[in-house]
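Hydrogens, waters and symmetry mates are skipped; everything else that's a heavy atom, side chains included, is used.
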Amino acid sequence: MKKIIYISALFLIFSGCGIYSFTGGQYSGAKTFSVDYIKPQTALATPTYSQKLTESLKDLLLSQSPLKLVETDGELHYAGAVTDYRITPVAIQGGEAEQASLNRLTISLKIKYTNNIESDLNFEKSFTKFADYDAATDLFSVEEELWRQINEQLTIEIFNASVGNW
């Protein structure tokens, strides 16, 4: 019985002090975040893709944290750019005319994270993710699904690097 009371007391202390959140993040006591439009800085990355990526990051932070979104000057701030957007063949089939059976869409970002409460947690990092698709399929017919897959991976990695802080 004493063990249960002790564990319950620890739970209340840690969840109420702002040091640790049982949602899995360390927010440094922040209550707000802001995300700048993640700019396309490579020829193939479109403004549409950049907008979807920016919204995906906002959505993840809203759903996985207690933070509130503000337009500018959030206590936690994200800015960045799409630095690489490329399609490459990855599975070459032999034969007289070698052809790719799979293509890979690879997207790289450079993200600057600013924690206005604990500046030692600030960083500027690159993140890269990819998704493969059948080479016989037209990229434009699967591009939005590939974006969704890649954005999910990228935003989780950005979240973990910033507020996951493990």
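You'll find the side chain of Y85 stays beyond 4.5 Å of the side chain of P40, heavy atoms only. Side-chain contact between T88 and F130 is absent, with no heavy atoms from C-beta onward closer than 4.5 Å. Using a 4.5 Å cut-off on side-chain heavy atoms (C-beta onward), L109 and L53 make contact. Annotation: side chain of N116 is not in contact with side chain of D73 (no heavy-atom distance under 4.5 Å). When side chains are defined from C-beta on, Q64 does not count as touching V163, because their heavy atoms never get closer than 4.5 Å. Two residues are said to be in side-chain contact when any heavy atoms from C-beta on lie closer than 4.5 Å; N103 and L105 fail this criterion. Taking 4.5 Å as the limit, some side-chain heavy atom of F33 sits within range of a side-chain heavy atom of L62. A 4.5 Å side-chain heavy-atom check between P47 and Y37 finds at least one atom pair inside the cut-off.
The shortest heavy-atom contact between A161 and F123 is O-CE2, 3.4 Å. Scanning both residues, G29 and I117, for their nearest heavy atoms gives C-CD1, 3.9 Å. The shortest heavy-atom contact between A30 and L67 is O-CD2, 3.3 Å.
Using a distance-only test at 3.5 Å, with no hydrogens or angles considered, no donor-acceptor pair links the side chain of T32 to the main chain of K68. At least one donor-acceptor pair closer than 3.5 Å links the side chain of S34 to the backbone N or O of G74. Under a 3.5 Å cut-off, the side chain of T42 and the backbone N or O of A45 do not form any donor-acceptor pair. N122 places a side-chain N or O within 3.5 Å of a backbone atom of N115 that can act as its donor or acceptor partner.
Within a 6.0 Å sphere centred on NZ of K110, heavy atoms belonging to other residues, nucleotides or ligands number 12 at most. Counting heavy atoms of neighbouring residues, nucleotides and ligands inside a 6.0 Å radius, atom CG of D120 exceeds 12 of them.
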Checking side-chain contact (heavy atoms from CB on, under 4.5 Å) for the pair T128/D84: CA distance, chi angles, key distance, verdict? CA-CA 9 Å; T128 300; D84 191 24; over 6 Å; no
Give the intermediate values and the outcome of salt bridge (charged side-chain N to carboxylate O under 4.0 Å, His left out) for residues E55 and K52. CA-CA 5 Å; E55 294 304 315; K52 287 185 181 278; over 6 Å; no
Quick one: do L139 and L146 satisfy side-chain contact (heavy atoms from CB on, under 4.5 Å)? Show the steps, please. CA-CA 9 Å; L139 173 64; L146 297 173; 3.9 Å; yes
Between K125 and I111, is the side-chain contact (heavy atoms from CB on, under 4.5 Å) condition met? List the steps. CA-CA 5 Å; K125 289 185 182 179; I111 298 293; 5.8 Å; no
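By the rule that hydrophobic residues join a cluster once side-chain heavy atoms approach within less than 4.5 Å of another member, L44 and F127 end up as members of one cluster. Under the 4.5 Å side-chain heavy-atom criterion for ILVMFWY residues, no single connected hydrophobic cluster contains both I87 and V90.
Between Y113 and Y78, the ring-plane angle classifies as tilted under the 30° and 60° cut-offs.
In this structure, CD on E145 lies 12.5 Å from OG1 on T137, to the nearest 0.5 angstrom. Summarising the geometry, atom OG1 belonging to T155 is positioned 9.0 Å from atom CG belonging to D59; distances are rounded to the nearest 0.5 Å. The CG atom of L61 sits 5.0 Å away from the CG atom of L57 when rounded to the nearest 0.5 Å. How far CG of L102 is from CG of D134: 6.5 Å, rounded to the nearest 0.5 Å. Atom-to-atom distance recorded for Q41:CD and S50:OG is 9.0 Å, nearest 0.5 angstrom. To the nearest 0.5 angstrom, I158 atom CD1 is 5.5 Å from I38 atom CD1.
Between the side chains of E157 and Q153, not a single donor N or O lies within less than 3.5 Å of an accepting N or O.
For the pair E152 and K129, the salt-bridge criterion is not met [side-chain N within less than 4.0 Å of a carboxylate O].
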